[in-house]
Amino acid sequence: MIGIIDYGSGNMGSIEYCLKRNKLDYLISANPEKLNKCKKILFPGVGNAEFAMQKLKEKKLDRFLISCEKPVFGICLGMQLLAEFSEEGNTKCLGIIPLTIKKFDTKQVKRVPHMGWNTIDFPESEFDKNYFYFVHSYYMPLGDWTVAKCEYGGQFFSAVVHYKNFWGIQFHPEKSGDIGEQFLIFLLRKH
Amino acid sequence: MLAKRIIPCLDIRDGRVVKGIQFKNHRDMGDPAKLAKYYSEQAADELVFYDITASPERREVDISWVEKVASQISIPFSVAGGIRSVAQAKRVFEAGADKISVNTPALERPDLINELVDRFGSQAVVIGIDVRGSEIYANTGDQNKTLKTIWTAFEWIKEVQTRGAGELVINSMSQDGAKNGYDIDFLKQVSEITHIPVIASGGAGNMEHFKLVFEKSFVDGALAASVFHSKTIKISDLKVYLANFNIPIRLS
């Protein structure tokens with residue numbers, strides 16, 4: 001059973017359709033006790049970091065995530081919230097991955113948000129050089145835990161990170177067509 | 001490298017896809033979810049659904065088809081037409097849309113842009129702009145109600161950008177449906193002064209029009225309707241054509 005964290009940050013429709021098509025059982029919950037019974041945790045999110053952290057705290061999901069020992073997959077904002085801190089609203093995040101989420105510099109990249117299909121460098125993976133769908137104005141810098149990177153307007157950043165039992169995915173696999181679906185299912189089945 | 005986006009636009013009237021010439025004489029083109037799947041399979045990069053009756057008739061988008069579309073495709077799509085409040089937008093997002101696009105209601109009450117951005121984030125809020133000459137028009141879905149606004153194009157573009165919009169769809173009304181190519185000079189000027197993504201709309205008639213707009217302006221995507229619906233251009237063929245000119249394109 002896959003537990004999808006529901007904290008009022010974005011719709012889960014596409015993720016649900018994706019899991020259903022692949023016959024993976026899931027539940028959507030904001031209740032840490034229920035989520036604790038799941039084998040794996042999906043942590044999606046779109047929108048504002050400050051707002052999302054507030055919601056997580058209200059539902060005591062921040063503590064659940066920090067102490068979680070199951071595989072956790074943070075998608076987009078879910079990935080960024082795994083960090084120590086975000087420049088978005090100068091928000092203190094979950095502090096799981098010791099990095100600061102930074103804002104794209106508009107002088108350098110010209111257009112923010114980074115929106116659309118971009119290729120990732122994922123060495124020795126079948127997903128290397130494939131296009132995935134990105135939508136974000138802030139990014140996780142490259143670090144020891146970067147497993148796939150992406151480049152936008154000369155700025156490199158983490159597309160996929162792996163730190164202990166935590167995975168972070170900056171793009172939206174659930175919105176990246178067939179290849180995105182293959183990626184998400186591969187990750188969920190393997191870990 | 002970030003790919004240039006090819007975006008089919010599906011005009012919706014009463015839950016069906018329709019197409020007219022210069023916003024007139026609408027003709028039935030089919031079921032939204034079916035067409036969405038068809039375009040998604042051809043590697044369309046995203047889809048725009050525009051409820052052309054919603055705004056002039058002052059009613060909100062009927063969202064039953066939005067859910068159906070969301071269940072059928074796994075690429076992003078936006079919904080436009082008649083969204084006038086945060087509450088209405090919320091329903092559209094809950095039905096599965098990734099972005100909403102606002103046009104006339106933002107002209108009537110620009111604060112709406114800020115409210116939507118504050119609640120859903122810039123990335124989810126697209127502003128549709130109908131331009132003729134250097135003027136901005138409202139209610140273009142119904143020619144009897146179409147009216148010129150007080151805004152000049154560049155003033156309005158600056159305004160919506162300041163208010164936090166995440167993307168612009170610039171529709172050249174004089175080009176729309178005429179198949180003479182995108183309004184490249186204007187789009188070039190717009191894409192030079194903006195720091196958010198810009199999508200070109202109106203005028204696509206052949207593959208070269210797409211090549212020219214990507215080569216000669218800095219737009220991030222090109223939107224078209226009738227050339228795709230009539231199968232004059234197949235998206236998968238168009239993408240191979242553009243990739244051959246070294247335009248960054250996602251082929252599959």
Side-chain angles (χ1 to χ4, degrees), chain A residues 8-18 20-21 45-52 76-77 88 104-120 129-138 150-155 171-182 184, chain B residues 1-7 40-46 66-67 69-78 90-99 117-126 161 164-168 191-192 194-199 218-221 239 248-252:
Chain A
S9 191
N11 79 72
M12 326 260 181
S14 306
I15 290 178
E16 286 189 70
Y17 292 124
C18 176
K20 271 184 206 160
R21 273 195 294 272
V46 285
N48 180 286
E50 202 180 353
F51 178 78
C76 197
L77 182 63
E88 184 175 19
F104 280 117
D105 180 354
T106 46
K107 282 188 209 102
Q108 188 191 350
V109 305
K110 180 82 178 125
R111 295 195 201 288
V112 176
H114 171 222
M115 174 142 54
W117 298 76
N118 205 335
T119 49
I120 62 169
K129 311 288 184 226
N130 272 298
Y131 279 102
F132 292 90
Y133 188 78
F134 289 83
V135 189
H136 57 125
S137 302
Y138 296 79
C150 180
E151 179 262 343
Y152 177 51
Q155 177 67 59
F171 52 85
H172 285 276
E174 79 283 13
K175 283 287 166 189
S176 300
D178 292 344
I179 191 82
E181 185 161 325
Q182 283 164 33
L184 185 61
Chain B
M1 194 174 190
L2 185 66
K4 298 291 184 185
R5 285 178 266 159
I6 302 295
I7 308 169
S40 158
E41 282 164 0
Q42 280 184 37
D45 294 301
E46 63 182 73
V66 178
E67 269 172 32
V69 167
S71 71
Q72 291 290 310
I73 57 168
S74 51
I75 59 169
F77 70 96
S78 52
K90 189 164 176 277
R91 289 178 51 227
V92 175
F93 284 121
E94 282 170 356
D98 301 283
K99 300 189 248 187
V117 167
D118 287 347
R119 178 61 185 85
F120 306 105
S122 284
Q123 82 292 334
V125 182
V126 182
Q161 197 170 248
E167 185 164 81
L168 298 175
S191 57
E192 273 168 356
T194 45
H195 56 73
I196 56 178
V198 176
I199 307 298
F218 303 104
V219 298
D220 299 87
K239 289 189 134 189
I249 286 288
R250 177 185 73 108
L251 289 174
S252 60

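This structure is a prediction, so every number in the text was calculated from the model and none was measured. Just so it is clear: chains get the letters A, B, ... in the order the sequence lines come, proteins before strands, and each one is counted from 1.
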Would you confirm whether [X], through its side chain, and [Y], through its main-chain N or O, come within 3.5 Å as a donor-acceptor pair?
X	Y	answer
A/Lys110	B/Thr194	yes
A/Arg111	B/Ser191	yes
A/Thr119	B/Met1	yes

Problem set entry | Part of A/His114 within contact of chain B (heavy atom distance under 4.5 Å) |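 Answer is side chain: those atoms of A/His114 sit under 4.5 Å from chain B.
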Contact class of [X] relative to chain A, heavy atoms under 4.5 angstrom:
X	result
B/Ser71	both
B/Ala3	both
B/Gln161	neither
B/Ile249	backbone
B/Asp98	side chain
B/Arg250	both
B/Lys90	neither
B/Ala97	backbone

Please report the interatomic distance [atom1]([X]) to [atom2]([Y]), rounded to the nearest 0.5 Å.
X	Y	atom1	atom2	value
A/Asn130	B/Ser252	CG	OG	7.5 Å
A/Tyr133	B/Asp45	OH	CG	9.0 Å
B/Arg119	A/Phe51	CZ	CZ	4.5 Å
A/Glu174	B/Ile75	CD	CD1	13.0 Å
B/Gln123	A/Phe134	CD	CZ	15.0 Å

Locate the shortest heavy-atom distance separating [X] from [Y]; write the atom from each residue and the value.
X	Y	answer
A/Val112	B/Pro197	O-CD, 4.1 Å
A/Met115	B/Lys99	SD-NZ, 3.4 Å
A/Pro113	B/Gly166	CD-O, 3.6 Å

Exercise. Do A/Arg21 and B/Ser74 have side-chain heavy atoms sitting under 4.5 Å apart?
Worked result: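 Sidechains of B/Ser74 and A/Arg21: in contact.
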Exercise. Is the closest side-chain heavy-atom distance between B/Pro76 and A/Trp117 below 4.5 Å?
Worked result: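 Side chain of B/Pro76 against side chain of A/Trp117, heavy atoms only: contact under 4.5 Å found.
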Problem set entry | Choice from B/Glu94, B/Glu41, B/Glu167 maximising heavy atom contacts with chain A below 4.5 Å |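 Counting heavy-atom pairs under 4.5 Å, the top option is B/Glu167.
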Exercise. Any idea which of A/Asn118, A/Ile120, A/Asp178, A/Val109 has the most non-hydrogen atom pairs under 4.5 angstrom with chain B?
Worked result: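 Winner by heavy-atom pair count: A/Asn118.
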